[in-house]
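Okay, so here's the structure we're looking at.
Every chain is numbered from 1, with letters handed out A, B, ... down the list of sequences. Heavy-atom basis, side chains included; hydrogens, waters and symmetry copies ignored. Remember, it's a predicted structure, so these values are computed and weren't measured experimentally.
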Amino acid sequence: MSNYFQLWVIVFIASLLTACGSASTEQNTPVPETLFVSHYWTSEHEEQMLQEAIDAFMRINPDVTVVMESSRRTGRDFAEQANAGLGADMLVGLPLEEVIPLAEAGLLQELSGYDIDTTEFRSQYLNAVRYQDRLYALPFMGKTSIMYYHKALTSTVPADLDELLETPDEAPVGIPVNFVAAFWGTQAFGTNLLGEEENVQLDLQSYVDWFEWLKEARNQPGIILDDEVFFLREKFISGELAYLIDSTDSLPQLKEVIDETDVGVSPLPSGAAGPASPLASLDVIAFNRAAAPAKIQAGLRLAEFLTNASQQQKLVLEETGHIPVNRTVTIRPRLSEAGSAMAKQGATSIAIPLDYVDAFNQIRRVGDEAYLQALEGDSDSIEAAIYLFHEAGQSY
Amino acid sequence: MLTNESLLTFNEIIGKPFYYLYRPVVQQQLIAILIAIFLAWLLTRWLKPWLQTLLPVEEEVAAPEVMYTQEFDEAKAEITDTTVALPEVKKPFFQQWWTYLIVPLPHLVFPTLCLLTVTIAYIVVGSFGGFVGLIDQFRLFLWVVFAYELFVGLLYAAFPTDTVRRYHKKLLRPLFVVLVLGSALNWIIDLNQLGQVVVFELFGNPVDVRALFLATVGVYLWLELVWGVQELAQQIIDRYTDTEAATIQASLTLARYVLIGVFLLFVFSEMQLSPTVVTALTGGLSAGFAFGSKDIVNNFISGIVLLFERSVRPGDTVEIDGTMGIVSAMSIRSTIVQGFDGREVIVPNEKILTSSVTTYTKSSRHARIKIDIGVSYDADLKQVLDILNRIPRQHKLVLDDPAPNAFLMEFGPSSVNFSLFAWVADLGQKVTTQQDLVLTIMDTFAQHNIEIPYAQQEIRLRDVPWEALAIRQSAASVGVQS
């Protein structure tokens with residue numbers, strides 16, 4: 001027992017001394033920095049995309065070695081690891097909603113103190129990642145709603161809601177109608193989700209107008225409304241629908257099952273008040289609080305690289321369904337129709353700021369019921385909108 | 001499904017723990033843990049001797065050898081009308097219920113103190129706002145150690161020390177270490193992914209970490225586990241059934257080899273050794289294998305034949321090559337015979353099968369005791385016969401059937417000679433029972449003034465020329481003086 005113990009102690013102390021010794025050397029002479037990155041993207045194609053981007057980064061930053069692995073392969077959950085001081089230095093593609101529990105547990109590095117150029121980020125995305133006046137993450141890429149059309153069935157794309165209503169019966173449209181999926185329509189009628197004080201504030205008239213439009217659309221034989229987007233997607237794949245409003249991340253699947261050249265992508269139709277603004281879900285870049293400052297500095301360089309216009313454009317052009325967060329990204333339709341649509345939709349999409357996630361979820365819970373009342377119940381549009389505002393605690 | 005390119009490499013696996021070791025927050029926690037363990041170790045050193053003085057824990061208490069059983073002694077008293085002072089018979093230590101509380105205590109001192117000091121470290125580091133997750137996990141690990149040590153302590157309390165020690169060192173401890181290392185590693189990396197990392201190629205087939213682990217650590221643990229189950233099953237069957245020990249051991253040994261064989265087949269399949277590869281292996285190496293392993297194969301097959309034939313079984317008393325002893329174990333290659341002088345002779349199975357072996361216990365384990373004793377011609381011979389017939393009947397190890405019998409055998413030169421014949425159920429009881437009987441006979445004869453005479457010889461000298469002898473002696477003494 002005591003022999004084992006002594007051996008263990010010696011090995012342990014030697015390891016610690018080695019570690020401490022190297023760390024002190026690090027302060028005096030610049031040594032190549034190794035950065036341990038964990039990513040949250042799930043598909044093989046996305047993983048490959050990220051690896052290529054990181055390889056490009058290492059070519060122009062030879063002093064930084066990035067070791068990346070999927071978060072699915074890091075053993076325990078990041079929160080458990082980080083709580084012990086372990087885990088990756090940098091998290092890439094972390095879903096925005098996961099920032100809150102990690103930040104509240106004190107596991108993410110607060111980035112306000114670092115010199116970060118945020119001018120190229122779209123403001124709505126940068127605002128979304130702030131939490132309690134602190135910056136715990138940087139926007140990386142996003143997903144939102146967009147319009148797909150079947151090129152074999154139609155060649156025209158409705159630019160606005162009126163044109164959408166006028167689509168011929170031979171080219172049916174599928175529109176998902178739950179609170180989140182149909183949110184883009186209220187924006188087209190003029191609601192400003194975040195209000196003047198950047199609080200979640202719905203606009204009653206916009207909802208009334210949107211519900212009216214949906215009621216009218218419901219009566220059109222060429223428009224199918226359903227609260228389940230899966231059902232509509234199946235119809236689109238089978239060629240029963242010419243148009244489909246769906247999430248951008250459905251693009252790889254659609255291209256896989258339909259002839260790639262037959263899948264067209266277009267921004268959502270605009271309304272009377274302007275372009276449609278669908279909700280965006282963001283993937284962010286965050287840093288482990290246990291990571292050494294030098295690692296965070298190296299990570300910020302990588303973050304800057306991954307979010308610059310060139311890399312964002314490359315990632316969008318891969319057509320994995322991600323929208324850019326860099327405001328300078330523009331893609332010509334001739335280069336990539338889907339990429340161009342993604343970039344345009346990314347410009348008008350909005351993300352729920354972390355500070356308002358709870359308030360938004362509260363509205364969301366009653367939002368779906370309001371849509372049901374408006375479209376399937378006896379309520380008229382005004383009653384349904386008032387029900388939503390009343391139940392969600394919104395003033396009107 | 002992940003591609004091979006996306007799997008972890010060994011560098012990543014080995015590098016990650018060291019990578020974390022460079023983090024100041026990890027170093028702080030490790031230092032806190034180290035200090036806590038060191039304090040616990042110091043406290044243990046100080047506390048353990050003191051604890052042992054309070055609790056005289058005897059881990060190894062052998063049951064005292066009882067020469068005289070209570071019943072036998074009472075019977076003897078009836079014969080001799082005297083009371084013989086008995087050696088004090090201690091109750092076996094492990095029969096006391098409170099030993100289950102006391103025996104595990106020394107095992108628990110260190111983990112308990114560690115838990116205490118590490119908890120203090122957790123509170124102190126946490127109060128300064130430091131990371132404590134690692135310390136917390138270590139605390140959890142200590143609870144596991146505590147439970148493990150408690151379990152081991154209870155095993156020591158319940159079973160013979162030697163048996164538990166082997167379980168402990170060869171099975172429980174390695175198993176525990178593997179489990180702890182596995183769960184610790186799982187904290188950092190996904191073990192499923194690690195298992196798929198290809199280490200090398202064997203005849204064109206990739207051998208991954210999982211297969212390699214199974215083929216090394218897995219095989220070792222399986223062998224020990226199967227051995228442990230065999231021993232445990234044997235002890236339970238021995239204790240609770242009347243089945244012959246030798247039969248049990250032979251059956252369990254066979255079952256063990258079957259289980260080992262099945263596991264090896266499983267390992268081969270995990271290593272993806274295709275039938276073609278196995279054929280190539282056995283075909284290519286068969287010539288060399290045949291020469292090199294002839295004896296091993298002979299012994300192996302002989303071992304299987306012996307186990308089935310049951311001509312020699314564990315526990316049998318045999319005589320092989322002039323060595324008499326008890327067959328203590330039979331393995332697939334050899335048989336171990338423990339001589340009565342303590343020597344252990346390892347006899348290849350082939351030799352047992354092909355040469356003549358004397359067995360004393362094949363059809364029956366009964367053994368006959370024969371005691372020859374002579375009494376004085378002055379003794380009352382009927383009384384002697386009566387005593388000799390009654391004493392063995394009072395001994396609990398002497399069988400009633402065949403009944404013990406004493407016979408007047410002959411009129412010797414110095415004594416009238418009797419022989420006492422008695423049977424015991426097991427050869428192993430023969431010597432001690434014989435000793436009991438001889439001592440009792442001596443005592444009883446003494447009580448009844450029955451003399452056991454020494455051998456006597458009377459020498460008579462006839463027609464000695466005493467005068468001539470005296471002259472020759474005096475002449476010799478004069479010659480010496482001149």
### Task
Kindly compute the distance separating CG (B:Leu134) from CG (A:Asn83), expressed to the nearest 0.5 Å.
10.0 Å
### Query
Are the side chain of B:Arg23 and the backbone of A:Gly85 linked by a donor-acceptor contact shorter than 3.5 Å?
yes
## Note on the structure
Rounded to the nearest 0.5 angstrom, the CZ-CG distance for B:Phe131 and A:Leu86 is 10.0 Å
Ignoring hydrogens and angles, write down the donor-acceptor pairs under 3.5 Å from the side chains of residues 91-99 of chain A, residues two or more places apart or on other chains.
none

### Message
Ignoring hydrogens, what is the shortest heavy-atom contact between A:Ala84 and B:Val26? Give both atom names and the distance.
### Response
O-CG2, 4.4 Å
### Task
Please check if the side chain of B:Tyr20 supplies one atom and the backbone of A:Gly87 the other of a donor-acceptor pair under 3.5 Å.
yes
### Task
For B:Phe151, look at atom CZ and say whether over 12 heavy atoms of other residues, nucleotides or ligands are found less than 6.0 Å away.
no
### Query
Is a side-chain donor or acceptor of B:Tyr22 paired with a backbone partner of A:Ala292 at a separation under 3.5 angstrom?
no
### Query
Does atom CZ of B:Arg210 have more than 12 heavy-atom neighbours, drawn from other residues, nucleotides or ligands, at distances under 6.0 Å?
no
### Message
With a sphere of 6.0 Å drawn around CG of A:Asp133, does it hold more than 12 non-hydrogen atoms of other residues, nucleotides or ligands?
### Response
no
